[in-house]
Amino acid sequence: MTGDTSVGASRKPAAGVVGGTVAAAAEEPSAELPGDVRPVLLLPPVLSGRLSPARSTAVAARTGIALGVGITILFVTGLISHLIQHPPDWFWWPAHPVWLYRVTQGVHVTVGVMMIPLLLVKLWSVYPRFFAKPSVRRALPEALERASVAVLLGAVLFQIVTGLFNTAQFYPWKFFFTTTHHAMAYVAFGAVVVHLAVKLPVVRQALSRPVSEPEEAPRAGVSRRAVLAAAGLGAVVAGLAVAGQSAPFLRWVSLLAPRSGQGPQGVPINRTAAAAAVTETARSPHYALSVKVGGRERSFSRADLEALPQYDSVLPIACVEGWSATGHWSGVRLRDLLAQVGEYGGGDVRFVSLETTGIYGSSVLPHTHVVDASTLIALRLGGEDLALDHGYPCRLIAPNRPGVLQTKWLKSIEELS
Ligand code: HEM
Ligand SMILES: Nc1nc2c(c(=O)[nH]1)N[C@H]1C(S)=C(S)[C@@H](COP(=O)(O)O)O[C@H]1N2
Ligand SMILES: [Mo]
């Protein structure tokens with residue numbers, strides 16, 4: 001203990017000289033770089049950063065903050081998506097604004113893609129330190145710090161890769177991806193919090209000086225401003241490349257947004273009727289929708305549904321993969337349909353599809369959305385009968401929820417007790 005205290009005491013005055021040369025020499029990694037870095041990789045000087053003042057705490061701190069903010073946004077928006085799909089008792093999600101989930105999940109995937117250039121620049125600005133000779137005096141804290149950085153980096157890379165796979169529709173493994181992506185989110189977010197706590201003094205010091213101010217004698221090479229500008233521009237370009245799949249006015253610049261408005265009736269299709277093996281049953285003349293509520297049951301043909309009062313709803317399909325599209329739906333209000341059968345007791349309602357394969361054949365709708373006037377058993381989209389691929393003879397369309405819960409090709413609707 002006495003040893004620790006004396007080390008702390010002897011370092012204190014140095015750290016207290018904010019912006020002074022002593023503090024800078026003690027804290028700045030760049031001050032240690034030239035001597036300490038092993039020339040492991042034979043990169044050109046500018047790339048390896050040996051000649052660059054850009055590889056500095058100033059850049060590491062600023063890109064680090066951007067990444068930290070991004071990961072926090074990803075953590076929150078990701079958890080929202082998880083909670084809507086697997087709601088615990090305490091969770092409540094509103095029906096309005098109808099576009100809220102479209103925004104949170106669009107932000108999740110767009111910010112997720114923006115992480116890629118930011119992470120590359122961050123890694124570039126710090127990577128010589130991965131090869132720095134460990135100091136003997138601080139062996140344990142340094143080993144712990146490196147281990148925590150390894151966890152952070154691994155978790156964030158894992159999230160980016162699994163997230164991208166997910167948006168690219170690797171459906172056979174999607175369930176596995178979502179589960180691991182969810183578990184790793186806590187690791188990634190936790191590691192960010194730990195890393196920031198460890199680095200807070202260095203970050204505060206780096207931010208207290210302008211980017212252009214030298215931390216030591218100026219060297220040739222890329223400037224910090226240029227690297228930070230490249231990181232920012234890279235993030236914006238990456239974001240724009242995908243943002244158009246959720247924001248229609250950005251579609252013309254979104255070269256990487258694969259599902260942005262194509263598809264029958266102006267709305268993309270994730271799973272076709274053929275893929276879901278429902279082409280026969282959905283077109284069958286004997287089709288009937290079974291509705292169970294308040295202990296009573298009734299069947300409705302498509303003609304029966306058409307004979308009930310029809311309403312319009314403008315609601316988005318907002319896929320968990322980040323793409324979304326507004327649809328002009330019309331059909332029977334769910335609450336009206338339930339009232340046709342029996343007295344709705346206020347519980348959750350389960351929707352089951354004609355589809356018997358796959359894991360998207362059913363969904364559960366909470367009370368808030370059941371009674372909402374915009375929730376429809378849709379018969380039409382864009383003024384025409386629903387395309388077979390959009391869920392003909394009828395589908396659920398409810399406000400402010402993931403597309404995966406908007407069950408197509410309905411077979412039955414049942415209030416859960
Ligand atoms: C540190 C970064 C990230 C964190 C903390 C994070 C967190 C989360 C969480 C907690 C979920 C909910 C999972 C569930 O429903 O169980 C989620 C879902 C999702 N994330 Fe991320 N994520 C990150 C990065 C990314 C990236 C980079 C992308 C894509 C570019 C991405 C795409 C997705 C997608 C598509 C889903 C929906 C999965 C589904 O419900 O099927 N994520 N994320
Ligand atoms: N029965 C069934 N309903 C489903 C699906 C499915 O695979 N099977 N896919 C869901 C998903 S993931 C989305 S995003 C929406 C897409 O609806 P759309 O194909 O009409 O655009 O339908 C949902 N409803
Ligand atoms: Mo989806």
Side-chain angles (χ1 to χ4, degrees), residues 67-68 70-86 104-116 119 152 155-171 174-192 238-239 242 256 259 262-273 275-278 282 316-325 327 329 351-363 378 381 386-392 395-397 401-411:
L67 282 164
I71 290 166
T72 306
I73 292 173
L74 287 160
F75 186 64
V76 173
T77 51
L79 280 189
I80 288 174
S81 184
H82 176 81
L83 289 168
I84 299 172
Q85 291 179 70
H86 311 276
T104 62
Q105 195 59 10
V107 163
H108 189 86
V109 171
T110 304
V111 171
V113 171
M114 292 171 78
M115 295 280 102
I116 299 169
L119 188 64
L152 174 62
V156 172
L157 282 176
F158 183 89
Q159 291 303 86
I160 290 177
V161 170
T162 53
L164 283 173
F165 276 6
N166 219 316
T167 62
Q169 280 196 300
F170 275 73
Y171 269 141
K174 182 168 172 179
F175 187 65
F176 169 68
F177 278 158
T178 308
T179 313
T180 43
H181 188 87
H182 177 223
M184 204 55 101
Y186 296 94
V187 178
F189 184 67
V192 167
V242 293
L256 297 181
R259 278 146 293 152
Q262 306 97 324
Q265 300 167 320
V267 177
I269 306 273
N270 253 11
R271 196 162 166 82
T272 62
V278 297
I317 289 279
C319 183
V320 290
E321 294 152 10
W323 66 262
S324 55
W329 312 90
F351 295 78
V352 178
S353 173
L354 294 169
E355 178 184 4
T356 51
T357 57
I359 53 174
Y360 309 111
S362 74
S363 65
L381 172 56
L386 275 181
L388 194 57
D389 286 341
H390 280 306
Y392 180 92
R395 76 165 316 155
L396 169 64
I397 185 79
R401 39 188 353 233
V404 68
L405 303 178
Q406 313 276 24
T407 307
K408 304 195 277 193
W409 313 294
L410 288 176
K411 178 171 76 182

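All residue numbers refer to positions in the sequence shown, counting from 1. Start at 1 and go down the list; that is how both ligands and their atoms are numbered.
- Near Gly78, meaning under 4.0 Å from any of its heavy atoms, are these atoms of ligand 1: 8 (C), 9 (C), 10 (C), 11 (C), 12 (C), 17 (C), 43 (N).
- Atom numbering of ligand 1 starts at 1 in the shown order; those under 4.0 Å from a heavy atom of Leu79 are 10 (C).
- Using a 4.0 Å cut-off between heavy atoms, His390 contacts ligand 2 through both its backbone and its side chain.
- Counting heavy atoms from C-beta outward, Leu164 and Ile116 have side chains that approach closer than 4.5 Å.
- Listed for the Gln406 side chain is no donor-acceptor partner under 3.5 Å among the backbone atoms of Ile317.
- Looking at ligand 1, you'll find an N or O of His181 within less than 3.5 Å of one of its N or O atoms.
- Counting only heavy atoms from C-beta outward, the side chains of Cys319 and Val404 never approach each other to under 4.5 Å.
- Every atom of ligand 2 with a heavy atom of Gln406 under 4.0 Å away is listed here by number and element: 22 (O), 23 (C), 24 (N).
- Of the listed residues (Ile317, Leu354, Leu405), the one carrying the non-hydrogen atom nearest atom 16 (C) of ligand 2 is Ile317.
- By the criterion of a heavy-atom distance under 4.0 Å, the side chain of Asn166, and not its backbone, is placed next to ligand 1.
- At a heavy-atom cutoff of 4.0 Å, ligand 1 is contacted by the side chain of Gln85 but not by its backbone.
- Checking side-chain atoms of His108 against main-chain N and O of Leu74 turns up a donor-acceptor pair under 3.5 Å.
- Residues Trp329 and Leu386 meet the side-chain proximity criterion, which asks for heavy atoms closer than 4.5 Å.
- A donor-acceptor pair is defined here as one N or O able to donate and one able to accept, closer than 3.5 Å; no such pair exists between the side chain of Gln105 and the backbone of Glu321.
- Here the straight-line distance linking atom CG of Leu152 with atom CG of Leu67 works out to 8.5 Å at 0.5 Å rounding.
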From CA spacing to verdict: side chain to side chain contact (heavy atoms under 4.5 Å, CB included), Asn166, Val109: CA-CA 10 Å; Asn166 219 316; Val109 171; over 6 Å; no
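- When non-hydrogen atoms are compared, ligand 1 lies under 4.0 Å from the side chain of Gln105 (C-beta onward) but not from its backbone.
- Judged purely by distance below 3.5 Å, without hydrogens or angles, the side chains of Thr407 and Ser363 pair a donor atom with an acceptor atom.
- With distances taken over non-hydrogen atoms, the option nearest atom 24 (C) of ligand 1 out of Gln159, Met184, Met114 is Gln159.
- Interface atoms of ligand 2 facing Ser353, defined by a heavy-atom separation under 4.0 Å, are 1 (N).
- At least one N/O-N/O distance between Pro268 and ligand 2 falls below 3.5 Å.
- Close approach of ligand 1 to Gly112 is summarised as follows: ligand atoms under 4.0 Å from at least one heavy atom of the residue are 26 (C), 27 (C).
- Summarising the geometry, atom NE2 belonging to His182 is positioned 12.5 Å from atom OG1 belonging to Thr162; distances are rounded to the nearest 0.5 Å.
- Without hydrogens or angle criteria, Arg395 side chain to His390 main chain gives a donor-acceptor distance under 3.5 Å.
- Atom-to-atom distance recorded for Leu396:CG and Ser353:OG is 11.0 Å, nearest 0.5 angstrom.
- No donor-acceptor distance shorter than 3.5 angstrom exists from the side chain of Trp409 to the backbone of Val352, with no hydrogens or angles considered.
- Heavy-atom contacts of Trp409 reach the following atoms of ligand 2: 1 (N), 2 (C), 8 (N) (cutoff under 4.0 Å).
- Each of the atoms 10 (C), 13 (C), 14 (C), 16 (O) of ligand 1 lies under 4.0 Å from some heavy atom of His182.
- Proximity to Val320 (heavy-atom distance under 4.0 Å) selects the following atoms of ligand 1: 34 (C), 35 (C), 37 (C), 39 (C), 40 (O), 41 (O).
- Residue-ligand proximity, Ala185 to ligand 1, at heavy-atom distances under 4.0 Å covers atoms 5 (C), 7 (C), 10 (C).
- Contacts between Lys408 and ligand 2, counted as non-hydrogen atom pairs separated by less than 4.0 Å, involve both the backbone and the side chain.
- In this view, Thr110 satisfies the side chain to side chain donor-acceptor pair (under 3.5 Å) rule with no residue, not counting sequence neighbours.
- Between atom 22 (O) of ligand 2 and the options Lys411, Glu355, Arg395, the minimum heavy-atom separation is to Arg395.
- Distances from ligand 2 to the non-hydrogen atoms of Glu321 include no value under 4.0 Å.
- Between Thr407 and ligand 2, not a single N/O pair is under 3.5 Å apart.
- Atoms CG and CD, on Leu381 and Gln265 in that order, are 4.5 Å from each other to the nearest 0.5 Å.
- Distances below 4.0 Å separate heavy atoms of Val267 from the following atoms of ligand 2: 21 (O).
- Within the 4.0 Å heavy-atom criterion, the part of His108 lying near ligand 1 is the side chain and not the backbone.
- Atom 39 (C) of ligand 1 has its nearest heavy-atom neighbour, among Thr179, Thr178, Val187, in Thr178.
- Here Asn270 has heavy atoms under 4.0 Å from ligand 2 in both its backbone and its side chain.
- Backbone and side-chain nitrogen or oxygen atoms of Trp323 are examined, and none is located within less than 3.5 angstrom of a nitrogen or oxygen of ligand 2.
- Atom CG of Asp389 and atom OG1 of Thr272 lie 5.0 Å apart (nearest 0.5 Å).
- Within ligand 1, counting atoms from 1 as listed, the ones closer than 4.0 Å to a heavy atom of Ile160 are 27 (C).
- Between Glu355 and the options Arg271, Lys411, Lys408, a salt bridge (charged side-chain N to carboxylate O under 4.0 Å, His left out) holds for only Arg271.
- Close approach of ligand 1 to Val113 (heavy-atom distance below 4.0 Å) involves ligand atoms 30 (C).
- The distance from ligand 2 to the heavy atoms of Arg271 drops below 4.0 Å at these ligand atoms: 6 (C), 7 (O).
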